[in-house]
Amino acid sequence: MEKTYSPKSFEDKLYKEWEESGCFKAVRDDSKVPFTVMMPPPNITGQLHMGHAMDETLQDSIVRFKRMQGYCALWLPGTDHASIATEVKIVEQMKSEGLTKEQVGRDGFLKRAWAWKDKYAGRIVEQLKKLGSSCDWSRLTFTMDEKCSKAVREVFVNLYNKKLIYRGSRIINWCPCCKTALSDAEVEYSEENGNFWHINYPVEGENVALEVATTRPETMFGDTAVAVNPEDKRYKHLIGKNVILPVIDKAIPIVGDKHADMEFGTGCVKITPAHDPNDFEVGLRHNLPVVRVMNDDGTMNSLAGRFEGLDRYECRKQLVEQLKTSGALVKIVPHSHNVGHCYRCGATVEPIVSKQWFVKMQKLARPAIDAVTDKKITFVPERFAKTYYNWMENVKDWCISRQLWWGHRIPVWYCKDCGKEICAKVDPHICPVCGSINLSQDEDVLDTWFSSALWPFSTLGFPDDTSDLEYFYPGDVLVTGYDIIFFWVARMIFSGLEHMRKVPFRDVLIHGLVRDEKGRKMSKSLGNGVDPLVVIDKYGADSLRFSLLQGVAPGNDTRYSDAKVEACRNFMNKIWNASRFVIMSAEGHKVKSLEEVKLSHADKWIIARLQSAIRDVTLTLNKFEFGIACQIMYDFMWSDFCDWYIELVKPALKSDDSAKRDGALAVLVYVLDNALKLLHPFIPFITDEIYRNLPGTQGTIMTKEFPRYNSRRAYKKDVVSFGGIMEIIKAVRAAKTELDCPPSRKVSLYIVTENRRQISSNQESILKLAGAKEINFISSAAEAGEKTVTKVLGIGTIFIPMGELVDIEKEKARLEGELERIMDEIRRADGKLNNQGFVAKAPKKLVDDEREKLNKYIEMREKVINQLKNL
RNA sequence: GGGGGCAUAGCUCAGUUGGUUAGAGCGCUUGCUUGACAUGCAAGAGGUCGAUGGUUCGAGUCCAUUUGUUCCCACCA
C-alpha cells in the first residue's frame with residue numbers, strides 16, 4: 001500500500017469492478033426483504049451540483065447499509081426530461097445560432113431536445129458514478145422513456161374518465177418569456193419596489209370620479225367594472241351606474257362586491273377579470289365580460305388601442321404619460337409588493353385567463369393528507385409534515401398543460417368536423433361520433449411534474465402488473481430536499497394512492513440545502529457553486545461524501561467548505577495509514593481468529609468499544625441520523641483505534657512472545673475488518689480498497705454482512721477498569737507537560753493503590769504510552785521520596801519524582817487547585833444526594849452512580865489533603 | 001397575515017424519548033523526527049448553551065413570553 005491515501009489510484013477502478021460484478025443489481029429474491037429507494041431523477045438541464053451530491057450520498061449510504069444487512073436493496077436511478085427547464089436551455093442554444101423554435105418547427109425542435117438529452121443524461125450518469133452511487137444501472141430510466149410515457153397516458157386517461165382532469169378557462173400564471181402556463185408551485189415571489197398609480201374614472205352622467213389605485217395600469221383596457229364595497233357609504237349610491245374608462249372612453253359598471261376593502265386605499269377597485277385572480281372571481285359573481293388585453297408574449301393586443309404591439313412595460317410607461325397629460329392620473333405612490341417570477345427564466349409572471357388543462361385536487365388531496373396523519377408515511381424530521389399539510393389543505397387545482405414542445409403530449413384529440421374531444425390510451429384515427437378522420441391532437445405538453453409524480457411506480461412497470469411492481473412497491477424511503485416537497489413529494493403521494501391504492505414510500509427523508517462558505521444559496525447567477533467533480537478530483541469521493549454527512553443535522557442546511565473536506569480527507573488518510581500499519585504488521589504472520597487467542601485487557605477494551613460503535617451506528621442509521629453515525633465512527637477510528645489501541649499493541653507486536661503477537665494481530669485485524677464494514681456505507685471506496693488488502697478477506701466489502709452487536713463481547717467491566725489505566729497514562733503525560741519535562745525523558749512512577757494486579761498486568765502499556773521506565777508499588781507517599789509530582793486518581797495515587805524540575809510552591813498551588821475542583825464535585829454530588837426529590841424519583845442507577853462518585857471524590861480529597869500536608 | 005428554522009467555544013456546526021464534569025472540526029497556545037500517518041502525536045486555553053419566566057428531583061434539551069436572524073406559504077387592488 002502507498003504511504004499516503006491517494007483516492008485517484010483506486011476509485012475508478014473499484015467502481016468499474018462493482019459495476020461489472022453486478023452487485024448493484026437488484027433482482028427479486030423472495031427469500032429476502034426488499035428495500036427500495038427511488039432516486040429523484042436529476043434534470044437533464046446540466047450537471048450535478050453539491051445539493052445532488054448530498055442527496056445521492058445519503059441515498060447511497062442507506063442503500064449500502066441495507067444491502068449489507070441482507071435486504072434485497074434496489075436503488076433505481078433515472079433522469080428527468082424537465083420540460084420547461086430543458087426547453088428554455090434549448091431555446092437559448094438555438095438563439096446563439098440565430099434560430100427560433102418556430103423556424104425549426106416542432107419536429108426539428110424535438111430532434112434537438114433528444115440530442116440534448118443524450119448528451120446531458122450521459123454526463124449526469126458519469127457524475128453519479130464518480131460519487132460512488134450503487135444504483136442499479138440496468139434499470140436506468142428517463143422520464144420520457146416508453147414505459148414512463150405509457151404510465152403517463154394511462155394515468156391521464158383514467159383521471160380524465162373519472163372527471164378529475166378537466167379543461168377550462170381560468171386565471172393561470174403565464175410566463176411571457178417561455179410563453180407557457182405555469183402551475184402555482186412554479187411561481188416564485190419576491191418583494192419589488194413598484195408604484196400605486198391612482199387614476200380617476202369619471203362617473204357617467206355625474207360630476208364625480210372614482211379614484212382607483214393599481215399596480216398594473218396597463219391592464220385597465222381589460223377593466224370591465226369598478227367594485228366598491230356594498231356597505232361603503234361613500235359609494236353605495238353609485239352602484240349600478242357606470243364609470244368611463246379613461247383613454248378608451250368605454251363605459252363599465254360600478255358593482256358592489258365585498259372584495260373591495262373599505263379600509264384599503266380609496267375603497268374602489270378596478271376589476272380586470274382576465275388579468276387578476278381575485279377580479280376573475282368578482283367577474284364570475286357579477287357576470288362581467290372577460291377582456292384579455294395582452295398577447296402571449298407580453299405585448300398589448302388590439303384592445304389596447306394605440307398601444308397595440310407595445311411590450312407591457314413600455315405600454316405602462318406611455319399610458320401613464322398620457323394619463324398624466326389628460327389629468328386622469330391623481331398621484332403616484334411608491335409601493336413595494338410581491339411580484340411573481342417564472343422559476344425557470346425569471347421573467348415576471350402575468351396572471352392571464354387562459355384555456356388550460358387542470359387536475360381537480362380536492363378529492364385527491366384528502367387521502368394524501370390522511371396517509372400522513374395515519375402514519376402510513378412519516379416525514380423525517382417530523383416538522384416537514386406541517387409544511388406538507390399546509391400545502392395539501394390549501395391546494396388549488398393543478399394546471400398541468402404547458403405551451404411547450406418538450407414533454408409528454410396531452411393525449412387528447414379534437415375532431416375538426418364535429419368538435420368531439422377524444423381522450424384515449426391509444427392514438428385515435430377516426431372520430432367515434434361523426435366518423436371523421438380529420439382529428440388533431442392537443443398541441444400542449446404536460447407539466448414535467450406530472451410524470452415525476454408517477455416515478456415510484458412507472459419505473460417498475462405500471463400500468464402492467466409486473467413482478468417487480470409487486471415486490472419493490474411501495475418504496476421504503478424517499479430522500480429529497482425540502483424545496484421540492486410541493487412539486488414532487490406531495491404529488492407522488494396522491495398519485496400513488498390514486499393509481500396504486502398504496503402510499504409510494506413509508507419514510508420521506510428531507511435534507512437541507514448545501515450553501516456556500518458564507519451561507520449563501522449556491523446559484524449560477526452568484527457564480528458561487530462548487531462543482532462536486534472538482535472536489536472529487538482534488539480530495540476523492542469519500543472525503544466529499546463524508547464531509548456532506550458528518551456534522552449535519554437532519555433537515556438543516558449545511559455549508560460547504562474546502563476546509564471541511566480537507567479535514568475529512570485527513571480522516572481518510574488516517575484510516576489509510578492505520579490500515580497500512582495493521583496490514584504491514586500482519587505480513588508474514590498467520591492471523592488467528594479471536595477465539596484462538598488470549599485477549600489482553602486492552603484487547604477487550606477495544607473490542608468492547610467496537611461493540612458499542614456497532615450498536616450505535618446501527619441504531620442511528622435506522623433513524624437516518626447520519627451526522628451522528630459518522631461522528632461515532634470518526635471518534636472510534638481516530639481516538640479509540642488509532643490514538644489508543646494501535647499505540648497500546650505496538651509492544652506486543654514486537655514482543656518475542658508469539659502468543660502476545662498473535663493476540664494483538666488477531667484483534668487488530670478483527671477490529672479493523674469490522675470498522676471498515678461500519679464505515680463502508682459512507683465511504684465505499686477507501687473501505688473496499690483496504691478490505692481487499694486485509695489478510696483473510698475475499699472479494700468486495702460491499703456484499704459482506706454488516707456487523708452485528710455481540711453482547712458477549714461487550715466486556716463492560718473491562719471497559720471501566722481500562723479507563724483507570726488510561727487515566728494513569730494521561731496523568732503522567734500531563735505532569736510532564738506541566739513541568740516542562742521533555743516527553744522523551746523516561747520517568748519512574750510510584751503508585752499507592754489497591755489495584756496493583758490490574759496495573760501491573762498493563763505495565764508494558766503504561767510504560768510505553770506514558771513514557772515511563774518503571775512502576776514501583778508503594779504503601780505510603782514517603783517511599784516516593786522528595787521532589788515528586790502527585791496525581792490523585794480514582795485508580796490510585798501516583799508520585800512522579802521529577803528532581804530539580806519540581807517547584808514545591810508550584811506543586812502546592814497545583815494540588816490546591818486540584819483540591820478545589822474535587823471540592824466542587826463533592827458539593828455538587830452531595831447537593832444532589834441530599835435532595836430528597838432526586839433520591840426518591842431519579843432512576844436508581846443514577847443515584848447509585850452519584851453515590852459512588854461522591855465516595856470516590858471524598859477518597860481523593862483525603863489523599864490530596866495528605867499530600868499537601870507532606871509538602 | 002399564517003407557519004417553520006436557527007441563535008451552544010474566535011469561526012463552522014453536532015448534541016433525538018430531560019440525567020455524569022456540554023462535544024467535534026478548523027483556528028489558537030506549548031511541546032514533540034514517537035519505526036502507520038506532520039494530511040501526524042501529546043498537553044492545554046476557550047462556553048453563565050440569545051434573554052426572561054415556568055414545569056421538574058434534575059432543563060442546552062419541555063412549555064410560555066421576548067429579542068435578533070432566516071426560510072416557506074398566502075397576499076389588499
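Just so it is clear: chains get the letters A, B, ... in the order the sequence lines come, proteins before strands, and each one is counted from 1.
- Straight-line distance from the CG atom of Asn390(A) to the C1' atom of G5(B): 15 Å, rounded to whole Å.
- Distance Trp644(A) CH2 to C41(B) C1': 12 Å, rounded to the nearest Å.
- The gap from the C1' atom of U66(B) to that of G47(B) amounts to 23 Å, rounded to the nearest Å.
- OP1 or OP2 of C75(B) has at least one side-chain nitrogen or oxygen of Lys396(A) nearer than 4.0 Å.
- C72(B) and U29(B) are spaced 41 Å apart, taking the P atom of each and rounding to whole Å.
- The P atoms of A24(B) and A9(B) are separated by 14 Å, rounded to the nearest whole Å.
- Glu647(A) contributes a side-chain N or O that forms a donor-acceptor pair with the base of A36(B) under 3.5 Å.
- Taking only side-chain nitrogens and oxygens, Lys3(A) comes nearer than 4.0 Å to OP1 or OP2 of C37(B).
- Nearest nucleotide to the Pro554(A) side chain, out of G19(B), A43(B), U16(B): U16(B).
- Only one option out of Glu727(A), Glu738(A), Glu818(A) pairs with Lys791(A) in a salt bridge (charged side-chain N to carboxylate O under 4.0 Å, His left out); it is Glu738(A).
- Here Arg569(A) contributes atom CZ and Thr4(A) contributes atom OG1; the two are 9.5 Å apart, rounded to the nearest 0.5 Å.
- Rounding to whole angstrom units, CD1 of residue Ile646(A) and P of A42(B) are separated by 12 Å.
- Closest approach to the Arg580(A) side chain among C37(B), G19(B), A42(B) is made by C37(B) (side chain taken as heavy atoms from C-beta onward).
- Under the Watson-Crick or G-U wobble criterion, with both distances below 3.5 Å, G1(B) is paired with C73(B).
- OP1 or OP2 of A38(B) has not a single side-chain nitrogen or oxygen of Asn577(A) nearer than 4.0 Å.
- Here Trp638(A) reaches the OP1 or OP2 of C41(B): one of its side-chain N or O atoms lies under 4.0 Å away.
- Set against G19(B), C37(B), C72(B), the side chain of Lys574(A) has C37(B) as its closest nucleotide.
- Following rounding to the nearest Å, Glu382(A) (CD) and U17(B) (P) show an atom-to-atom distance of 14 Å.
- Using atom P as the reference point in both G60(B) and U55(B), the two lie 16 Å apart (nearest Å).
- Proximity of Lys270(A) to the phosphate of A77(B): no side-chain N or O atom is located under 4.0 Å from OP1 or OP2.
- Note on ring orientation: taking the six-membered ring where Trp is involved, the planes of Phe379(A) and Tyr388(A) are tilted (angle from 30° to 60°).
- Exactly one of Lys564(A), Arg515(A), His511(A) qualifies for a side chain to side chain donor-acceptor pair (under 3.5 Å) with Thr558(A). That residue is Lys564(A).
- Outside the 6.0 Å centre-distance limit, the rings of Phe571(A) and Tyr5(A) are not counted as a close aromatic pair.
- In the set A14(B), U39(B), A77(B), A14(B) carries the atom at the smallest distance from any side-chain atom of Ala553(A).
- A sub-4.0 Å separation between OP1 or OP2 of A77(B) and a side-chain N or O of His335(A) is present.
- Residue Arg569(A) places no side-chain N or O under 4.0 Å from the OP1 or OP2 atom of U39(B).
- The same atom, P, is picked in C6(B) and in C41(B); the two are 33 Å apart, to the nearest Å.
- Look at Arg383(A) and you won't find any side-chain N or O under 4.0 angstrom from OP1 or OP2 of G5(B).
- When the nearest nucleotides of RNA chain B are assigned to Trp576(A) and Pro742(A) by heavy-atom distance, the more 5′-ward of the two goes with Pro742(A).
- Taking atom P on both A14(B) and G31(B), the two are 35 Å apart, rounded to the nearest angstrom.
- Among the nucleotides G4(B), G25(B), U20(B), the one closest to the side chain of Lys386(A) is G4(B).
- Between Glu188(A) and His341(A), the side chains place no donor N or O within less than 3.5 Å of an acceptor N or O (distance only, hydrogens not considered).
- When distances are taken from the side chain of Asn570(A) to each of A77(B), G15(B), G40(B), the shortest belongs to G40(B).
- Residue Leu739(A) contributes atom CG, which lies 20 Å from atom P of A42(B) at whole-angstrom precision.
- Base pairing of C41(B) is made with G31(B), judged by Watson-Crick or G-U wobble geometry with both donor-acceptor distances under 3.5 Å.
- To the nearest angstrom, P of C41(B) lies 18 Å from NZ of Lys736(A).
- Set against A77(B), C13(B), G44(B), the side chain of Arg559(A) has C13(B) as its closest nucleotide.
- The existence of a salt bridge linking Lys853(A) and Asp849(A) is excluded, since no basic side-chain nitrogen approaches an acidic carboxylate oxygen closer than 4.0 Å.
- Listed nucleotides G15(B), A77(B), A43(B) differ in distance to Thr737(A); the shortest reach to its side chain belongs to A43(B).
- We find that CD1 of Ile171(A) is positioned 12 Å from P of C75(B), with the value rounded to whole Å.
- The side chain of Gln631(A) has A24(B) as its nearest neighbour among G44(B), A77(B), A24(B).
- In this structure, the CD atom of Glu850(A) is 9 Å from the C1' atom of G19(B), given to the nearest Å.
- For the pair Lys650(A) and A36(B), the criterion of a side-chain N or O lying under 4.0 Å from OP1 or OP2 is met.
- Spacing between U52(B) and U61(B) at atom P, rounded to whole Å, works out to 12 Å.
- Here Asn394(A) does not reach the OP1 or OP2 of A74(B): none of its side-chain N or O atoms lies under 4.0 Å away.
- By the 30° and 60° cut-offs, the orientation of the rings of His335(A) relative to His337(A) is tilted.
- With C1' as the reference atom, A74(B) and G68(B) are 25 Å apart, rounded to whole Å.
- In this model, the phosphate group of U20(B) is not approached by any side-chain N or O of Lys832(A) to a distance below 4.0 Å at OP1 or OP2.
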